[in-house]
Amino acid sequence: MTAEARGDWQGWRAATEAALYGPDGFYRRPEGPAGHFRTSVHASALFAGAVARLLCRVDEALGHPAELGFVDMAAGRGELAAGVLAALPAEVASRARGYAVEIAARPEDLDHRIEWLAEPPKGITGLLFANEWLDNVPLEIAETDPEGVPRRVLVRRDGRERLGKPVSGAEADWLARWWPLPAEEGLRAEIGLPRDEEWASAVASVERGLAVAVDYAHTVDARPPFGTLTGFREGRGTAPVPDGSCDITAHVALDACALPGGRVLTQRDALRSLGITGARPPLALASTQPAAYVRALASAGEAAELTAPGGLGDFGWLLQPVGLADAPFEALLVDALLVDVPDHEEQ
């Protein structure tokens, strides 16, 4: 019998792994993520259209390869992969090959052009896109004890916590570099080292092209003092109890994940550079073409949700080019929008 099954104390990384991805884990449920929370993919088809335009820009930067790959990481039920393929121009679609990476079973009605995989394919040329994947990569939680020493937080299946051993080794090095904890009792940090490693592995699967991670994010100069670990169930926030009944998520230190050459910007800026502005249609259209006005107004509302301050618009986009040294970033997104991140090689 495993420690999780017995209800023993264990680190948050192991507890989350079992709760989300174990045999009866949250992400193996038939309703999928859309049954519990709303991502940009579920908010509007405009999002898939924008990603399709980004894929077209990657295609141009790559010189229009004979086969253009699109990898949808943590694909849910394949909604984004299907939407992107459907939104591509015919000439690009004829060369595109879609991959959905997900632990759950393949949906029966998924577009036959999409290959369903448990791991990203190796050596693709194209775009790897990870929308709200890294926030569900399990990690350890650290908390400062009364002496100001960061210790691992241990948890039981019912969500009760206690402090374990001091953080040491590579985890301590990561904290010192990316999330230094002041010596104040009760302050918490989420040790993002597993996410850095998972992202590096995903990027390594791309031979030439671009890898993009989109997620709730924060940077080293503004880490939340008590962390961000939380749960979601049926569209509502809840306590992060690792019993398989809810999603368990924590915001991502995208600046730590970034490899050399990577850049971070907000979803608001990224989507605006891809043609999503949220601008209302001219009122005159209401009298001349009322049906078109209603459609344009609905589209503007969806675009506003995707780019909203305090909401989806504040998500971070980490862009990681691979083998595109000769392709300027402005071929992918407007260069003026891109912000340098700290040098990851210092870790």
Neighbour count above 12 (heavy atom, 6.0 Å) for [X] [atom1]:
| X | atom1 | result |
| --- | --- | --- |
| E119 | CD | no |
| D221 | CG | yes |
| E67 | CD | yes |

Do the non-hydrogen side-chain atoms of [X] and [Y] ever get within less than 4.5 Å of each other?
| X | Y | answer |
| --- | --- | --- |
| L210 | L54 | yes |
| C56 | P89 | yes |
| T144 | V149 | no |
| T238 | F232 | no |
| V137 | T16 | no |
| L68 | L62 | yes |
| I248 | P242 | yes |
| R208 | I124 | no |

Just do the side-chain contact (heavy atoms from CB on, under 4.5 Å) check on L80 and F47 with the steps written out, would you? CA-CA 8 Å; L80 180 60; F47 189 78; 4.1 Å; yes

Taking every non-hydrogen atom, the tightest pair across [X] and [Y]:
| X | Y | value |
| --- | --- | --- |
| E102 | A74 | OE1-C, 3.4 Å |
| S245 | D243 | OG-OD1, 2.6 Å |
| Q320 | W199 | OE1-NE1, 3.9 Å |
| V252 | D135 | CG2-N, 3.5 Å |
| I276 | L46 | CD1-O, 3.4 Å |
| L128 | A202 | CD1-O, 3.7 Å |

Between H251 and Y216, what is the ring plane arrangement, given parallel below 30°, perpendicular above 60°, and tilted in between? parallel

Classify the angle between the aromatic ring planes of W179 and W174 as parallel (below 30°), tilted (30 to 60°) or perpendicular (above 60°). tilted

Please evaluate residues D255 and T219 with respect to the criterion side-chain hydrogen bond (donor to acceptor under 3.5 Å, both in side chains), reporting the C-alpha separation (whole Å), side-chain torsions for both, the decisive distance (0.1 Å), and the verdict. CA-CA 6 Å; D255 50 350; T219 55; 4.9 Å; no

Check against side-chain contact (heavy atoms from CB on, under 4.5 Å), L139 and R195: CA-CA 8 Å; L139 40 58; R195 294 171 172 183; 3.4 Å; yes

Can you check whether W178's main-chain N or O pairs, donor with acceptor, with R223's side chain at less than 3.5 Å? yes

Under 3.5 Å, is there a donor-acceptor pair between the side chain of E79 and the main chain of R77? yes

Can you see whether Y21 engages N136 through a side-chain donor-acceptor pair at a distance of less than 3.5 angstrom?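 No - no donor-acceptor pair under 3.5 Å links their side chains.
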
Any side-chain donor near an acceptor of the partner, T228 and E190, under 3.5 Å: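 Yes - a donor-acceptor pair under 3.5 Å links their side chains.
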
Approximate separation, where rounding is to 0.5 Å, of [X] [atom1] and [Y] [atom2]:
| X | Y | atom1 | atom2 | answer |
| --- | --- | --- | --- | --- |
| L154 | K165 | CG | NZ | 10.0 Å |
| I191 | W12 | CD1 | CH2 | 14.0 Å |
| E17 | Q10 | CD | CD | 10.5 Å |
| D158 | E161 | CG | CD | 10.5 Å |
| L319 | L265 | CG | CG | 6.0 Å |
| F315 | T266 | CZ | OG1 | 12.0 Å |

Start with the C-alpha distance between W133 and E198, add both sets of side-chain angles, then the distance that settles side-chain hydrogen bond (donor to acceptor under 3.5 Å, both in side chains), and finish with yes or no. CA-CA 10 Å; W133 167 49; E198 289 285 347; 5.6 Å; no

Mind running side-chain contact (heavy atoms from CB on, under 4.5 Å) on V51 and N131 for me, showing each step along the way? CA-CA 11 Å; V51 177; N131 185 64; over 6 Å; no

Y99 vs F70, test: ring-ring contact (aromatic ring centres under 6.0 Å, His included). Steps then yes/no. CA-CA 6 Å; Y99 304 90; F70 176 72; 9.3 Å; no

Salt bridge or not for [X] and [Y], using N-O below 4.0 Å?
| X | Y | result |
| --- | --- | --- |
| R152 | E171 | yes |
| R151 | E143 | no |
| D8 | R156 | no |

Taking only residues two or more places apart in sequence or in another chain, which ones pass salt bridge (Lys or Arg N to Asp or Glu O under 4.0 Å) with D59?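 R95.
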
So if you build clusters from Ile, Leu, Val, Met, Phe, Trp, Tyr with side-chain heavy-atom gaps below 4.5 Å, do V241 and V153 land together? no

Consider only side-chain heavy atoms of I, L, V, M, F, W and Y, link residues closer than 4.5 Å, and tell whether L127 and L88 are in one cluster. yes

Quick one: do D72 and F129 satisfy side-chain contact (heavy atoms from CB on, under 4.5 Å)? Show the steps, please. CA-CA 5 Å; D72 180 10; F129 201 89; 5.6 Å; no

Decide side-chain hydrogen bond (donor to acceptor under 3.5 Å, both in side chains) for W317 and Q267; before the verdict, give the C-alpha distance in whole Å, the side-chain angles of both, and the deciding distance to 0.1 Å. CA-CA 6 Å; W317 280 44; Q267 173 157 297; 3.1 Å; yes

